[in-house]
Every structure is written in structure tokens, then in C-alpha cells.
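Since the structure comes first, as C-alpha cells, the remarks are kept for the end.
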Amino acid sequence: MTEERSRSATAADRTRDAARLVQWGLRVRARPAQEPDYRRLVDLYHDDPAFRAAVRAIADGLGLRIVDVGEYGAILAPLDDSVFALRGADFRPTSSTVEDRLLDGVIQLAIAATVFPAPRDLEDDPAIARPPVTVSEIEDSLRALCERLAEDARDQPDPVAGEGGFEEAWRVYHRRLGALETKDGSSARRSTRRLIETNLERLRDHGGFTRDTRGDEASYQPTYRYQALVRELAANDALRRVRDVLAQGRS
Amino acid sequence: VFASGALEQVWSRTLAHRLRVLLHTLPLSALHRSDALRDPELRHYDGLALGLATMDLIIDHMGLDTDVDRARVTSHLTPLLVELDRMAGKRPDPERHAAMADRVIGALRNDDERRRPFEARYVDIDERSEVAGGGDPDGSAGGAGVLPRGRDRGRLVHRVREFRLVYDQFHPEGGTVLRLSNEAVNLFLGALELPIEDAQAAAEAIVQSQLARGRLDEALESAHRAHLQSIRYKAKLERVLLDTRRDVTSLDWRVEVPRLLDEALAHVSSRLLVEQTIVNTAAERLEVLDDGDERGAIVARIGALARECMLLHTQLQAPLMRARNVFLDEQARQRYVAPPLTARPELGREVLEPVLAMTTGDALALVEAVQPALYGARPPPVLSLRMLVDWQLRRRRETAPSPSEVADLDLAERALDPTRFPEDIRTVVRELLAGLQEPRTLSELLEALRAEDASPETIDALALAVGEAFAEEQLHSVEPAGSRFEAVGWFGDDLVISPTKVEA
């Protein structure tokens, strides 16, 4: 009887520890190197298969996917429809126009593509930091891409008026100015440069980038967390979704 | 047409192997050549000397707690930069020094190619009979064959060698630090063709022989090298163990890893024996030396280094014993996980471009579905009614009366308005802040200005400039020092001003 009770106590301890590792993973700025409890749980995750199974089960039940557990911490990504997923609309609770949300999403893809321009960059040693990116770099590559698509579409008929949702996405970006001069000299809130900055800052808030303000223009250094999320999940996820849409012949 | 075998008499795999080693020096020679091509104000610096000093600094900190970042490289190089300035008759300038340090790090890290590995082409004899081209037999990436298919044994192929010298590695506590690749370490230690284990055995054999022959200075130098090799070896094994945990498919687990682990255990055991011998020999030599013999200190240092090597190797034994289990365990687990997609997308062409070409409806649905993966998981905020009530019912915080006398000042007078301070005062303040080599507190700076008999306006301008920098965090990193100060008519929370703003 006593033995059974102590066994269930051990199982409860393990579950609690496993859930705590998941909680550490949700604190994106916590580091195992600085938190003895976090480090102990990461080591336990590697050394004890039963504990690992418990962590996976809890993460799965919460709608989380474990992307990486190691010296840089536990990196978790939300499964589809998870309560832990951040959606575009979450950032613009008041003024969520479809156009702004589309631009946010396109910019997020452009940031990832600027950090990892070539397939081989996604295969490099995960512990090596990719070079930092700037707002200008992302704006320039998106502009160039839109210019090219505009060039290709020059002989096509213009989109039918009033059929929102059926014009191509590049037209929305192309239309929006890179920088709008305002009376007080600040770049306007809705210019694409400003949107890119806002998106980088949001990723920074979520532990995806750090900012370095040396030099003429602030540069954004991707973190291990961001690189792991893109490499292990987002890159191939995005590719799969693009192929699905193209296969259905919708766009 | 030459007789068969004529080519082999001129060019062999051994020569190609040596050539491959030489390729690792190409980035350094480019750094040397770039001296003449830099901006005029940086041309008098010796890029190669600065590059080697940078590698020396990084290697010196390998395995230690203090890691090397850009700021540390700059401060390490400063004496050399100052001396190079003096030789060229220029005034030392911290900004120029930082710019040059950036160039040197950038050249070693291949910043021009987005920090990818350096690539160098070389010719090799193709010894395979059936397949032409293909991968490099030593397992390194690349190997772009230029031969037609067929039986081409003994013909030349071009191969591409990929290697890094310096790279930014994520630090477990945040931020990035500079690291040297194995190629760079070998280049630096002059152990060009040796795998790590052999380089270490060689270094220790040299220590033992030099120590036995009484060539103490050289023995100490060799002991330093052997110690570095031990650190490097430890790092290599830890890397393998970490990779095992991350993804067994990244390693050759059937042959390579078990072999590596067995060899490592054998290597560690034999190292421990040799190091014990060195420790013993050092102790014997110490006994025969007279008291006060200055060589005693050197022998003691050699003994201490050998003991540190022993410690490193002892620390490796336990994880090595466990590694096989980790490995088998991970292998069993990962076998059931779907194999990772081998084809990595070219995000710009295969994802971004098709998305831009989609209709806005399709594109919006797609980007919104992908975004959660880019942000990672975040807990949804949940309102705690109790915490809200507690917060609302909290007593109003009374501000304690200030122990210092506060004068009501005209706001127009106390702002860093260009019309208030003449250009010369603003220049003094700007140069003072730009010339900071290390973090200083605001009170120190104010006192320093007063000690120099600076005018009250200059002192005000400095205090206001630092206050503005604190608000904007632009050029300098300004953090609260956690203490209060009162100096030269100013008082309040003291601030620490650091030369440049770098985020952890």
C-alpha cells in the first residue's frame, strides 16, 4: 500500500516537473544557463526517457509541438488552432484591415527569406548565428520582387474593380509606399518600411530577434529560437501550404 | 596523349591533401591583400597581424568562462591599433579602431558572402572507377565534378573545399560569441594535417621529451598547446553528444559514432597515462632543482597544465560511458519519428514569390496559417481578478521628500537645445561620450569635468545629453546604476554609460 502510494507520488512529481519544463519553454527569455531548475529539467529530458515521454504527452495535450530542447532552452511551437498560437489579428485588435494583416504576413515571410536566403543556409549548423538583417534589406528585396511581378503583369488586364480578394497580393504591397513623409518628419505608421520595423519589433518582443543600434541603421540579429522555428518548422510548413494552394489551382 | 600513370607521377592524392590544407590560409592572404584596398583612413593597419591577434584572443579563451565578442576583440586589439596609428603618424581614434576590428572580424567570418563557409576550388585525382564527380571522399561538402560519366579513374577533378575560420555562435545565456573552427585552430597551432586526437598526442609527447631534456621554456609552450588541444577535444566530443540528442540522423550511427566513442574512450585513457607521466616528471625535476631556482616556477606551471588536462579528460570519461546509452536511446526514439524533409526550400523563390502572386484571399489565409510557427508558442494572457483588485486597492505610493535641494528650473533652459549650448560645448560633450572606452557612471563623468574646470554650461550639457541618451538609447547604452548620486549641482539616480549599445 505504502509502496503504491509512493509510486503514485513519484508519477505526480514527474508530471509536475514535465509540466514545469513546458512552462519554462513558454517563458521565451528564460535560459537554462541562468535558471538551475530549468537546466535540471532540460538534463532530465535528455537523460530520462520516461520524463521525456511525459513532457511530450503534456505538450501534445496542450496543443504544443516541441521544436528543440537543449542548452538554449525548450522551444515550443503551437499546433494548428492551439490556444498558444499568435495570429495576425491578435496584433491589430482595433484596426485589423485585411490589407494590413496581409502585409504583416507577407513581411513575416520576407523576414524569414532574408535570414535564410538559400536552402543551404537552412542546413547549416544550428548553433551558428545567421547574419543580422535590416529594414532596408527586407524592403528592397520585397520591392524588387513586386517590381518584377508588376513587369510580368504589364500585358495582363488590370484587376476588375470591386472584386477585392481576387487581385494578386503583390499589388497590395506595390501600392503601399515605402516611406511616407509626415508633417512631424516621422515615417508614417502605414508605410511598408514602418510595417517591416513593427514586425521585426514584434518578433523581438517574442524572443525572435535582438536589436543592435550601432551603425546608421538598426540591425536585427535572429536568435537561436527564431532560427530553430524557421528551420525546423515554418520553412517547410510554408512550402507545403504554398504547394497545396498551387495544386488546387486556385491562384 | 601521355602514357598511363604519367599524371600520377606529377599529382597525387597526398599532394591534393596538402593543397587542401593550404587553402585554409586563403582568407588570411585576402585579408593581407585588402590592406591596400581599404578606406584611406584604415589603410595603415596591418590586417593580417590584427587577424592573427584576433584568432589568438579567441583561442586563448576557448573552454574558459569568459567568451569573446566583438567588444572584447576591439579592446584586445587597441594597443596594437594605437601603435600602428603612431607609426603612421595618426591620432588614435576609438571609432576608427572599432571600425577596423569590425573589418578584421568580418574578413575572418566571410561577411561578404553572408557569413557562409569560405569556398575554395582545388584539383584532385579522381580514384573512383565508375562514378565521376560527386562528393568529396573525406566527407566534406562540395566536390563539384566536371567529368563526363564513365570510366575516368586517375583523371583530374575539381573539388570545392568549404570551411569556416571564425563564426558567431549562440551563447547559452543569450547573445552571440566568436568561435574558431577546427580548421582555424589547426591553422593557428600549426597542426595542419592532424586530426585533433593526433595533434594532442603529438603535443604531449613533445612536452614530455622537452621536459625530460630540460628545455623548459619550450616545454611550457608545448604544454599550453596540449592543454588547448584537450579543450578542443572536449568541445568536439560534447558537440557529438549534443548532436546525438538533437538528431541521430545527422550522424553516421552505425559505423562512425560507435567507432568515435570507442576511440575516444581509448584516447582518454591513454592521455591520462601520459599526463600522469608528465606530472611525475615535473615533480621529479622540481625535486632536483635548488630552492630559489627560477626554473622551478616554469616546471610547476607545466605540471599544473598537465593536471588541468587530466581533469578535462577525467570529466569526459563519465559522459563517454553514458553516451552509448544516450545514443541507443535516441536512436530508438527517433526511428519512429518521420524522417526530416531533406529538401530545404528556397524561401524567396519557392514561398514568398508564389504567395505574392496569389490572390489576396488565398495569400491571407496562407500567411495567417504560417505566422504562429514564426512566433512560436506564447501563453495567452489570462486576467486574474484577484491580482487586478490587489493592484487597484494598493496604497498610493508617497514620494519621500528629497534630501537634496530642488530648484524650480525653467524647462526651456534645461533641455539640450542647440540654441542654448554653443557648438564648442556640444562638441566637448559629444567627444567625451564618443571617446568612452569602458562603462562609466554619470557622477564620475560629472566629477571628471569639474576636475578639469569645465564651465557649468558644459556640465549641464553632459548631464542633459546622458539623460536624453537614457530616454532614447541610441548611441550609448545607458542603464540605471542602482545608486543615487549628488554632484556638481545635479542629483538623482546614477546612470552607467557604456560606449556602444549592444544587446545581449
Side-chain angles (χ1 to χ4, degrees), chain A residues 26 31 33-34 46 49 64 71-72 75-78 83-88 98 101-102 105-106 108-110 112-113 116-119 122-123 127-129 131 145 149 165-170 172 206 210-214 224-225 229 233-239 241-242 245-246 250-251, chain B residues 111 114-117 164 167-176 242 245-246 322 326 329 333 340-341 343-348 350-380 473-475 500-504:
Chain A
L26 291 168
R31 305 276 178 181
Q34 293 160 337
H46 287 304
L64 291 168
E71 56 184 329
Y72 304 106
I75 297 171
L76 307 172
V83 68
F84 295 97
L86 274 163
R87 308 200 173 276
V98 166
R101 275 163 48 203
L102 174 67
V106 164
Q108 287 289 339
L109 290 180
F116 293 102
L122 286 161
E123 280 164 7
I128 296 184
L145 206 49
L149 288 165
F166 288 96
E167 67 170 345
E168 299 94 326
W170 64 264
V172 178
H206 292 86
T210 59
R211 188 178 56 186
D212 182 351
T213 49
R214 284 192 311 250
Y224 182 87
R225 174 184 161 84
L229 284 168
L233 193 60
N236 284 98
D237 180 48
L239 179 69
R241 288 177 196 274
V242 167
V245 172
L246 296 182
R250 290 205 306 252
S251 281
Chain B
D111 278 10
R114 296 196 59 85
R115 302 188 188 172
R116 293 196 178 112
R164 282 194 163 91
Y167 55 91
D168 269 345
Q169 184 173 320
F170 290 111
H171 192 274
E173 294 189 10
T176 57
L242 205 68
R245 287 170 160 188
R246 194 173 278 130
R322 273 212 317 264
V326 169
D329 184 35
R333 177 172 74 77
L341 287 165
R344 298 296 200 161
E346 186 182 336
L347 288 173
E350 291 178 279
V351 174
L352 186 57
E353 199 176 323
V355 167
L356 284 169
M358 283 177 195
T359 61
T360 50
D362 282 348
L364 180 66
L366 191 148
V367 295
E368 299 242 295
V370 174
Q371 269 193 83
L374 289 164
Y375 282 107
R378 273 288 279 214
E473 293 205 22
Q474 288 285 321
L475 294 167
T500 44
K501 167 90 182 140
V502 187
E503 251 184 77

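Lettering of chains follows the sequences in order, A, B, ..., and the numbering in each one begins at 1.
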* **Closest non-hydrogen atom pair between B:Gln371 and A:Gly105, with its separation** => NE2-CA, 3.5 Å
* Structure fact -> Heavy-atom closest pair (B:Pro172 atom, A:Glu71 atom, distance to 0.1 Å) is CG-OE1, 3.4 Å
* To do: Check whether B:Arg116 gets within reach of chain A through its side chain, its backbone, both or neither, counting any heavy atom under 4.5 Å.
  => side chain
* Quick one: pull up CD in A:Gln34 and CD in B:Glu173 and give me the separation to the nearest 0.5 Å. => 4.5 Å
* Beyond-backbone contact of A:Arg101 with B:Leu364, side-chain heavy atoms, under 4.5 angstrom -> yes
* Nearest atoms (heavy-atom pairs only) where B:Ala377 meets A:Pro78 -> N-CD, 3.6 Å
* Structure fact -> Output for pair (B:Glu368 CD, A:Arg241 CZ), nearest 0.5 Å, gives 11.5 Å
* Would you name the heavy atoms of B:Leu374 and A:Leu229 that are closest together and state the gap between them? => O-CD1, 3.7 Å
* To do: Can you measure from OH (A:Tyr224) to NE2 (B:His171) and round to the nearest 0.5 angstrom?
  => 14.5 Å
* Asked: What residue in A:Ala33, A:Ala234, A:Pro131 has the most heavy-atom pairs under 4.5 Å with chain B?
  -> A:Pro131
* **Selection from B:Ala373, B:Ala369, B:Pro117, B:Pro345 maximising heavy-atom pairs under 4.5 Å formed with chain A** => B:Pro345
* Asked: Is it the side chain or the backbone of A:Val172 that comes within 4.5 Å of chain B heavy atoms, both, or neither?
  -> side chain
* To do: Taking B:Arg344 for its side chain and A:Asn236 for its backbone only, find out whether a donor-acceptor pair lies under 3.5 Å.
  => no
* To do: Identify the heavy atoms of A:Ala169 and B:Val355 that sit nearest to each other, and give their distance.
  => CB-O, 3.6 Å
* **A:Leu26 versus chain B, the contacting section by heavy-atom distance below 4.5 Å** => both
* Between B:Leu366 and A:Val245, is a side-chain contact (heavy atoms from CB on, under 4.5 Å) present by the stated rule, with each step listed? -> CA-CA 8 Å; B:Leu366 191 148; A:Val245 172; 4.0 Å; yes
* Top contributor to chain A interface from B:Gln169, B:Arg115, B:Glu350 [non-hydrogen pairs under 4.5 Å] -> B:Arg115
* Proximity breakdown for A:Leu64 and chain B, heavy-atom pairs closer than 4.5 Å -> side chain
* To do: Quick one: closest heavy-atom pair of B:Tyr167 and A:Ile128, and the distance?
  => CD1-CG1, 3.6 Å
* From CG (A:Leu239) to CD (B:Glu346), nearest 0.5 Å -> 11.0 Å
* Asked: What distance separates B:Leu356 CG from A:Leu109 CG, expressed to the nearest 0.5 Å?
  -> 8.5 Å
* B:Tyr375 (side chain) donor-acceptor with A:His206 (main chain) under 3.5 angstrom -> no
* **Min side-chain heavy-atom separation B:Met358-A:Val242 under 4.5 Å** => yes
